[in-house]
Number of protein chains: 2
Amino acid sequence: MGLIDNINKLFDHRIRLGIMSILMVNDDVDFNRLKELLDVTDGNLASHTKTLENAEYIKVEKAFIGKKPNTKYFITPLGKQAFKKHIDALEDLIRNPK
Amino acid sequence: MGLIDNINKLFDHRIRLGIMSILMVNDDVDFNRLKELLDVTDGNLASHTKTLENAEYIKVEKAFIGKKPNTKYFITPLGKQAFKKHIDALEDLIRNPK
DNA sequence: TAAAGTACTTTGAAATTCAAAGTTAAAATA
DNA sequence: TATTTTAACTTTGAATTTCAAAGTACTTTA
């Protein structure tokens with residue numbers, strides 16, 4: 001087993017890592033806030049959230065706020081667990097790579 | 001400026017992150033040791049080390065140990081600096097993503 | 001002499017990433 | 001009422017990246 005086996009390939013990308021980091025500390029974050037925080041295009045953000053949704057690491061909830069459509073993202077328990085494991089693997093790798 | 005702008009794309013891959021982590025704490029590491037630690041194929045390792053070499057984040061030194069050819073990799077000052085910056089950006093992102 | 005080790009390079013296919021343009025539907029504005 | 005804007009995508013296609021497998025060249029060991 002290699003040193004990097006516990007590093008999650010899905011989190012091996014800065015945009016998805018950013019999404020997860022944000023959702024770890026915020027109960028919910030909407031599409032436009034994510035877009036603004038990460039400074040990405042609509043399509044790019046949508047495709048990365050889709051990837052995380054497919055893995056069931058995040059969940060989406062659509063609603064109207066007043067009369068405006070609003071899409072909120074949440075982290076799932078599975079996502080939280082996977083992310084923690086990834087961070088542990090990162091720390092381990094960086095701290096003790098031998 | 002987005003939250004992830006200081007994350008280095010070159011380190012956004014587990015194998016290159018692994019190589020850098022290893023070279024941060026070891027003065028030099030040879031090809032086969034890297035291969036073993038990371039559990040990757042020859043070609044794959046060679047191409048990732050080449051990517052890091054092209055960025056001048058690592059240096060290579062070829063020699064013979066006894067009669068066997070041996071290739072050692074070192075991290076450069078530039079690589080050390082870039083890696084530290086990346087780790088700081090990672091920590092920042094994970095710790096305070098808002 | 002044959003097999004194995006070292007450190008690649010090359011090749012090509014598959015997967016991934018990205019921006020740009022298109023879409024849908026509702027809301028605000030003129 | 002017609003047009004524009006906003007929100008949140010989906011689609012498309014090109015570019016880039018990744019990876020394994022095969023090939024290379026030279027050396028050493030059995």
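Chain letters run A, B, ... following the sequence lines, proteins first and then strands; every chain starts at 1. The figures here come from the full heavy-atom set of this structure, side chains too, leaving out hydrogens, waters and symmetry mates.
For B:Pro69, the side-chain atoms get nearest to C:dT6 when compared with the rest of D:dA8, C:dT6, C:dC8. The side chain of A:Lys67 sits closest to C:dA27 out of D:dT28, D:dC19, C:dA27. For A:Tyr73, taking side-chain heavy atoms from C-beta onward, the closest of the listed nucleotides D:dA7, D:dC9, C:dC18 is D:dC9. The side chain of B:Phe31 lies closest to C:dA7, out of D:dA7, C:dA7, D:dC19. When distances are taken from the side chain of A:Lys62 to each of D:dA8, D:dT10, D:dT18, the shortest belongs to D:dA8. With distances taken from any side-chain atom of A:Phe64 to the nucleotides D:dC19, C:dT17, C:dA26, the minimum falls on C:dA26. Comparing atom distances between the A:His13 side chain and each of D:dT28, C:dT17, D:dC9 picks out C:dT17 as nearest. Distance from the side chain of A:Asn44 is smallest to C:dA19 among C:dA19, D:dA7, D:dT18. The side chain of B:Asn32 lies closest to C:dA7, out of C:dT17, D:dA7, C:dA7.
Rounded to a whole Å, the CG atom of B:Asp12 is 14 Å from the P atom of C:dT16. Taking atom CZ on B:Arg14 and atom C1' on C:dT16, their separation rounds to 13 Å, with Å as the unit. To the nearest angstrom, P of C:dT16 lies 13 Å from CG of A:Leu52. The NZ atom of B:Lys72 sits 19 Å away from the C1' atom of C:dC8 (whole-angstrom rounding). Put simply, NZ on A:Lys68 is 8 Å from P on D:dT6, counting in whole angstrom units. At whole-Å resolution of the value, CG in A:Leu10 and C1' in C:dT17 are 14 Å apart. The distance from atom NZ of A:Lys35 to atom P of D:dA8 is 9 Å, rounded to the nearest whole Å. For the pair A:Lys9 NZ and C:dT17 C1', the interatomic distance rounds to 16 Å; values are reported in whole Å.
Judged by distance alone, the side chain of B:Thr71 and the main-chain N or O of B:Phe31 form no donor-acceptor pair under 3.5 Å.
By the 30° and 60° cut-offs, the orientation of the rings of A:His13 relative to A:His48 is parallel.
A sub-4.0 Å separation between OP1 or OP2 of C:dT16 and a side-chain N or O of A:His48 is absent. Residue A:Thr71 has a polar side-chain atom (N or O) positioned under 4.0 Å from OP1 or OP2 of D:dC9. OP1 and OP2 of D:dC19 both lie 4.0 Å or more from every side-chain N or O belonging to B:Thr41.
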- Message: Walk me through whether B:Tyr57 and B:Phe83 qualify under ring-ring contact (aromatic ring centres under 6.0 Å, His included).
- Response: CA-CA 9 Å; B:Tyr57 288 167; B:Phe83 192 70; 9.4 Å; no

- Item | side-chain contact (heavy atoms from CB on, under 4.5 Å) between A:Asn6 and A:Asp88, worked out | CA-CA 9 Å; A:Asn6 285 318; A:Asp88 286 349; over 6 Å; no

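Applying side chain to side chain contact (heavy atoms under 4.5 Å, CB included) to B:Ile19 and the options B:Val29, B:Leu45, B:Ile75 leaves one that passes, B:Leu45. Exactly one residue among B:Asp39, B:Leu37, B:Leu34 makes a side chain to side chain contact (heavy atoms under 4.5 Å, CB included) with A:Leu3. That residue is B:Leu37.
Closest-nucleotide positions on DNA chain C for A:Asp42 and A:Arg16 were compared, and the one nearer the 5' end corresponds to A:Arg16. Between A:Thr51 and A:Gly66, the residue anchored nearer the 5' end of DNA chain C, judged by the nucleotide with its closest heavy atom, is A:Thr51.
Within the nucleic acid shown, A:Ile15 comes within 4.0 Å of sugar-phosphate atoms alone, with no base atom in reach, counting heavy atoms only.
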